[in-house]
Amino acid sequence: MAKLLDKIKKAELVGKGGACFPTFSKWQAVKNAKADKKYIVCNCSEGEPDVKKDGYILEHFPEKLIDGINLAVKEIKADKAYIFINEAYYKKYSTKLLGLIVDTKIELFKKPHVGGYIAGEESSLINAIEGSRIEPNRKPPYPSDSGLWGAPTLINNVETFYDVSLINSDAYNKNRFYTVAGDCVWPGVYEFSNDQTIGDILVESKNYPKFDFFVQVGGGASGEVLNSNQLDREVGGSGSITVYSIEKHKPIDVIRNWLNFFMNESCGQCTPCREGTYRLHEIINQNKPNWHMFFAILEDLPETSFCALGISVPVPIISYFKNVLKDNQEFSSIFVENNI
């Protein structure tokens, strides 16, 4: 019988939290680490808008999740495993989960209310469990070398542990869960193959719009924006597709909503992210936005921000201009003048 790590490697499993890092490499690094103690964290923070797949797994397949974590505990010989779970999911699923983790090394850890979105970043998550200030740390070292209390720590998303359970029982068929949201008839979580295109998912879930639209894929705030002629791609990221009606949503409102999220969820640790998101929000709310300043800040954020939150801010906005607003009479000149 093939060993679990060999099966994970053969399945080419990648993390489903957004970064898509090879799961085999992460497990192997923690397993090989020389240390007195090792830990595991299942990241169930899921704090980005329009991403609901972890909640779907907790609702329908909690036994598979716990099985995947227990397999990891055994494989890397971990001393303890934590399920880092957001408040809403804790309230809804903790009773069921607590019943499933009796006599295991798994403990539920409720994400602190003050943690916000950034608490789902792996180094912030470690700080939260340790009781430290919830903000990201500079890397390296990575958690696989020095995580919880300085010990090698394996951190994977809920769906990744679910997949490991399937792989171990030879039931994995390279599917993944997709959240479809926004202006669609049947919003929800759907299971399709890893390589399914955005267009096929919308068609097969009976959510393909009959109106002019664009989509945001991979994440509900940090995801890339694509027009309706760019749907022959895979989704990636955390597996979300948000549909926007072009007629229904005014561009300034769309951009303002993204900036509301980034500004409110910035932990405030680094000045570029803290001040940059605030200034972008301030500019977009002016009667005549200073677009030159707006795009100058967007250009600087990826170069100067400490973590992925600040780095992600330009992704939806620039792709929105590039793939959708370049054909909009009101915004096309802004697109050209600022050399986007």
Side-chain angles (χ1 to χ4, degrees), residues 16-20 43-59 84-92 111-121 124-125 134 157-159 176-190 198 201-202 205 207 209 213-226 235-246 248-267 273 277-278 280-281 284-285 298 301 307-320 323-324:
K16 302 293 176 58
C20 302
N43 189 349
C44 188
S45 178
E46 195 155 73
E48 193 164 5
D50 296 335
V51 182
K52 309 293 182 189
K53 64 187 179 61
D54 290 352
Y56 182 85
I57 292 171
L58 292 177
E59 174 75 29
F84 185 82
I85 185 169
N86 71 43
E87 286 182 292
Y89 290 167
Y90 183 88
K91 185 176 180 182
K92 195 170 182 180
K111 175 181 167 182
H113 178 71
V114 296
Y117 173 74
I118 200 62
E121 193 276 339
S124 298
L125 172 158
I134 303 173
N157 170 261
V158 168
E159 189 176 5
R176 71 169 301 180
F177 292 108
Y178 299 91
T179 313
V180 182
D183 301 317
C184 52
V185 179
W186 305 106
V189 177
Y190 296 86
I198 300 162
I201 291 169
L202 291 177
S205 66
N207 279 310
F213 71 100
F214 63 92
V215 295
Q216 185 174 22
V217 297
S222 61
E224 183 180 14
V225 172
L226 302 171
V235 178
S238 52
S240 71
I241 305 173
T242 304
V243 178
Y244 285 84
S245 160
I246 288 178
K248 182 178 175 182
H249 298 282
K250 295 178 180 177
I252 293 294
D253 291 340
V254 173
I255 297 170
R256 182 187 294 115
N257 284 339
W258 288 327
L259 290 174
N260 278 340
F261 175 82
F262 289 119
M263 182 181 69
N264 291 329
E265 299 300 330
S266 172
C267 72
C273 179
T277 53
Y278 176 81
L280 289 168
H281 189 266
I284 204 72
N285 282 303
L298 280 182
L301 273 175
C307 80
L309 189 142
I311 291 171
S312 299
V313 177
V315 174
I317 298 172
I318 296 296
S319 58
Y320 186 32
N323 296 326
V324 178

Nearest-0.5 Å distance that lies between atom OH in Tyr178 and atom OH in Tyr56
14.0 Å
Looking at Tyr117 and Glu265, what are the two nearest heavy atoms and their distance?
N-OE1, 2.7 Å
Among residues at least two apart in sequence or on other chains, which ones pass side-chain contact (heavy atoms from CB on, under 4.5 Å) with Lys52?
Thr179, Val189
To the nearest 0.5 Å, what is the distance between CD1 on Ile317 and CH2 on Trp258?
7.0 Å
Within the distance-only criterion (no hydrogens, no angle test), does the side chain of Asn207 pair as donor or acceptor with the backbone N or O of Trp186 below 3.5 angstrom?
yes
Side chain to side chain contact (heavy atoms under 4.5 Å, CB included) evaluation trace for Asp183 with His249
CA-CA 10 Å; Asp183 301 317; His249 298 282; 2.8 Å; yes
Just how far is it from atom OG of Ser205 to atom CD1 of Ile241, taken to the nearest 0.5 Å?
7.0 Å
Whether Glu46 side chain and Gly55 backbone form a donor-acceptor pair below 3.5 Å
yes
Side chain of Lys53, backbone of Lys16: donor and acceptor closer than 3.5 Å?
yes
Counting only N and O atoms by type, is there a donor-acceptor contact under 3.5 Å from the side chain of Gln216 to the main-chain atoms of Gly223?
yes
Suppose we call two aromatic rings close when their centres sit under 6.0 Å apart. Are Tyr244 and Phe214 close by that rule?
yes
Spacing of Ile284 atom CD1 and Leu259 atom CG [to the nearest 0.5 Å]
6.5 Å
Kindly indicate whether the side chain of His281, heavy atoms from C-beta on, has any atom under 4.5 Å from the side chain of Asn260.
yes
Nearest heavy-atom neighbours spanning Gly220 and Val51
N-CG2, 4.1 Å
Determine the sole option in Ile311, Leu280, Leu309 for which the side chain to side chain contact (heavy atoms under 4.5 Å, CB included) test with Leu301 is passed.
Leu280
Just by distance, do the side chain of Asn323 and the backbone of Val225 share a donor-acceptor pair under 3.5 Å?
yes
Using only atom types and a distance under 3.5 Å, with no angle test, would you say the side chain of Ser124 pairs donor to acceptor with the backbone of Ile134?
no
What are the two closest non-hydrogen atoms of Asn43 and Gly120, and how far apart are they?
ND2-O, 2.8 Å
Any donor-acceptor N/O pair, Glu159 side chain to Phe177 backbone, under 3.5 Å
yes
Gly218 backbone acceptor or donor facing Ser238 side chain under 3.5 Å:
yes
Taking all atoms of both residues into account, what is the closest heavy-atom pair of Ser240 and Val235, and its distance?
O-CG1, 3.5 Å
Is there a donor-acceptor pair under 3.5 Å between the side chain of Thr277 and the backbone N or O of Cys273?
yes
Ser319 side chain to Glu224 backbone, donor-acceptor under 3.5 Å
no
Assess the residue pair Asp54 and Asn86 against the criterion (side chain to side chain contact (heavy atoms under 4.5 Å, CB included)); give the C-alpha distance rounded to whole Å, side-chain angles, the decisive distance to 0.1 Å, and a yes or no.
CA-CA 11 Å; Asp54 290 352; Asn86 71 43; over 6 Å; no
How would you list, by chain and number, every residue that makes a side-chain contact (heavy atoms from CB on, under 4.5 Å) with Ala221, sequence neighbours excluded?
Glu48, Pro49, Phe261, Phe262
If you look at every heavy atom in Ser45 and Ala119, which pair is closest and at what distance?
OG-C, 4.3 Å
Thr242 and Gly182 have their tightest heavy-atom pair at CG2-CA, 4.1 Å
